[in-house]
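Input: a single structure, listed below in C-alpha cells.
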Protein chains: 2
Amino acid sequence: MSVTDFLRPEGWLGEGGGPRYVQLRRRLEEGIAAGLLPPESSLPPEREIAEITDLSRVTVRRAIQELVRDGLVEQRQGSGSFVRDPVTRVEQSLSRLTSFTEDMASRGMETTSRWLERGVFLAAPEEVAALGLADGDQVARIHRLREAGGRPMALERATLPLDILPNPIEVVTSLYAVLDRAGHRPVRAIQKISAINVAAPEADLLGVAEGAAGLRIERTSFLPSGRVAELTRSLYRGDAYDFVAELRL
Amino acid sequence: MSVTDFLRPEGWLGEGGGPRYVQLRRRLEEGIAAGLLPPESSLPPEREIAEITDLSRVTVRRAIQELVRDGLVEQRQGSGSFVRDPVTRVEQSLSRLTSFTEDMASRGMETTSRWLERGVFLAAPEEVAALGLADGDQVARIHRLREAGGRPMALERATLPLDILPNPIEVVTSLYAVLDRAGHRPVRAIQKISAINVAAPEADLLGVAEGAAGLRIERTSFLPSGRVAELTRSLYRGDAYDFVAELRL
DNA sequence: AAGTGGTCTAGACCACGGC
DNA sequence: CCGTGGTCTAGACCACTTG
C-alpha cells in the first residue's frame, strides 16, 4: 500500500478521536511503526499530506511538529521531512567515575570533539565558589560537543583550577587521560541529574528538535585529598542515553 | 509600568531578532523575570496581547505555548493564562535505596497517593521475565500518582511477586513500610534513568504541559537472597526533581 | 527555477469556566 | 451569558535546498 493511500482520511479520521492533529500524528506513528515509512524515508510534502487528508497545512504541520519533538521525524528546510533512524541508546554508569572517551572506547565507538571553547579564562563567581578559588583567579575551561560513532551525544563544559590543568590545549580527546598523566585524576564525584527541555542553540548542536528532552548533569569531582578538581555541566541527549545507578539500603 | 505598556511593540519587536514568536516569548520571559508578571498573576488574554503587539493570535499562541512547555506559564481553558509559581526542587539520592514516603517525611512534606490501580493481576510477559516468574503467574500491582506537599510529583507503577506482597490493598502510603513488616524489604536496586517528553495522559496527571521533560526511571530491586522483589517504572516531573549520585573510581 | 519547510495573517467556530 | 483558551481553515510570503 502506498503512503498516499495509507493517509487517505477514510477509515481513520473521524469525530471521536480527539483533535485532528492528534489523529494525524497517530496515523503517521502507526505508519512508521508498521514499516510503511521506514527510517530515512521521506514523508510526503506537507502540502500533499494536507491535500490527501483534506486538512489544512497548519494542522498537518502541528501533527508533524509533535513527531519532530519526540524524535521520530526530522525536518530539513528546503529538502523535506524524514523518518529518523532510531538511535541506539548508550548506558552510562552512575556509580563508577569513568571518562566519556574510555567509556565509548570500551563499546568500540570512536569519539570526536567539536571545540566550542578551550583555554584560560577569568573564573565566574559560581566557579570561584565551587572550586574554592579566590576572586580574580583564572581557570581552565573546556567546552565541547562530544560525538560518538559520528553522532552528537552531549554538550560538556568543564572548568578546572589552573594548577590542575595548566594547559587546556593539551586536551585533545580525554580530559581524564591528561589529568591522569599529571597525577590529578579525580577519584570521587557528586552528580546532580535533572531533565530539561533543550533550548534552541543547544538543540541545534545536538541535532535534536528544540524542546526535546535532555539530561542536564552537574558534576563536581574531587582529588584524593578532597580538593575539588573539576566542575562540569553537561547536557546529554535524552534519546541517546540511559544512566544506570545501583542503590543500596 | 503596566503589562500593556510593557508589551507595546515599540522598542523590542523588530527585524533583527528572529521570528516574532521568539521575540514575544523573550519579552514575556523578561517580564516574568523582572517581576512585572509575578507568580499567580494572569497574562493578558491572547486576543488582547495580539492587539497590543499587532501580531496575529496564532503567533501569540505560539509564543505562549513555548512558555507553557517550559513550565513558566499555565493555561486554563475558559479561565486564562497564569504565571506559574516556580516549584521548589527536591533532591533524591541515587546511592541509597530509600522510600518515597520516608524521603519526603524527612523533608517535612506530607505525601498522598492517588490510586490508579492496586490489586492482583495476571503478569505481563515483561514482568514474568524481570521477576523470574512462570507464565500465567499472578502479580501484585500498584499504580499511583504520588503527591508531596499537595503537588503531584511522580507517577509510579510497581509490580511484585504475589508471595512478597500478597495483599496489595494493605499498601496505604509506603510500600516499603509494608514490605518491611513482612520481612521483605529490598536491600539493593538497579535503576535506569532516562529523559523523555511527557505524553498527554501522563502530563495531565502530573500537572505539566504535554512535551515537558520528565525523568523515566526503571527500578529492579532485590532481596538479601538476590531474588527480585520489585519492578517499578516511574515518571518524575523534570521541573521538580534532581537526582544526586556519588561516583567513585 | 521549482519544490520544500518556516513564518505569519485574519477570521471562524468550539469547549470550558465563572459570573 | 460572556470571556477565555483550543482547534481549524485558506492563503500568503520568505528562506533554503536541490536539480
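In this text the structure is predicted, and so the values were computed from the model without any measurement. Proteins get letters first, then strands, A, B, ... in listed order; numbering begins at 1 in each. Scope of the values below: all heavy atoms of this structure, side chains included, with no hydrogens, waters or symmetry mates.
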Practice problem: Look at the aromatic rings of A/F100 and A/Y236 and report parallel, tilted or perpendicular, splitting at 30° and 60°. | Solution: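 The rings of A/F100 and A/Y236 sit tilted, inter-plane angle from 30° to 60°.
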Quiz prompt | With A/R216, the side chain to side chain contact (heavy atoms under 4.5 Å, CB included) member among A/V198, A/I193, A/I196 | solution = A/I196
Quiz prompt | Qualifying residue, where the test is side chain to side chain contact (heavy atoms under 4.5 Å, CB included) with A/L235 and the options are A/L145, A/L215, A/L206 | solution =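 Of A/L145, A/L215, A/L206, side chain to side chain contact (heavy atoms under 4.5 Å, CB included) with A/L235 is met by A/L206 alone.
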Exercise. Could you check B/S79 against A/R57 and say which one's nearest nucleotide on DNA chain C is further toward the 5' end?
Key: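 Looking at DNA chain C, the more 5' nearest nucleotide goes with A/R57.
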Rounded to whole angstroms, how far apart are [atom1] on [X] and [atom2] on [N]?
X     : N      : atom1 : atom2 : value
A/R47 : D/dC14 : CZ    : C1'   : 11 Å
B/L67 : D/dG5  : CG    : C1'   : 15 Å
A/Q77 : D/dC14 : CD    : C1'   : 9 Å
A/Q75 : D/dT18 : CD    : C1'   : 17 Å

Quiz item: Can you check whether B/S81 has a side-chain N or O nearer than 4.0 Å to OP1 or OP2 of D/dT4?
Solution: no
Quiz item: Hey, are A/S234 and A/E156 close enough side-chain-wise for a donor-acceptor pair under 3.5 Å?
Solution: no
Quiz item: Just the endpoints, please: which first and last nucleotides of DNA chain C, 5' to 3', lie under 4.0 Å from a heavy atom of chain B?
Solution: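 Range of nucleotides touched by chain B: C/dT7 to C/dG17.
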Quiz prompt | Which atom of B/G211 lies closest to which atom of A/R69, heavy atoms considered | solution = CA-NH1, 3.4 Å
Which part of the nucleic acid does [X] contact within heavy-atom distance under 4.0 Å: base, sugar-phosphate only, or nothing?
X     : answer
A/R61 : base
B/I64 : nothing
B/R76 : sugar-phosphate

Practice problem: Validate the cation-pi geometry between A/R27 and A/F6: distance from NZ or CZ to the six-membered ring centre under 6.0 Å, angle to the ring axis within 45°. | Solution: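 The answer is yes, since A/R27 meets both limits relative to A/F6.
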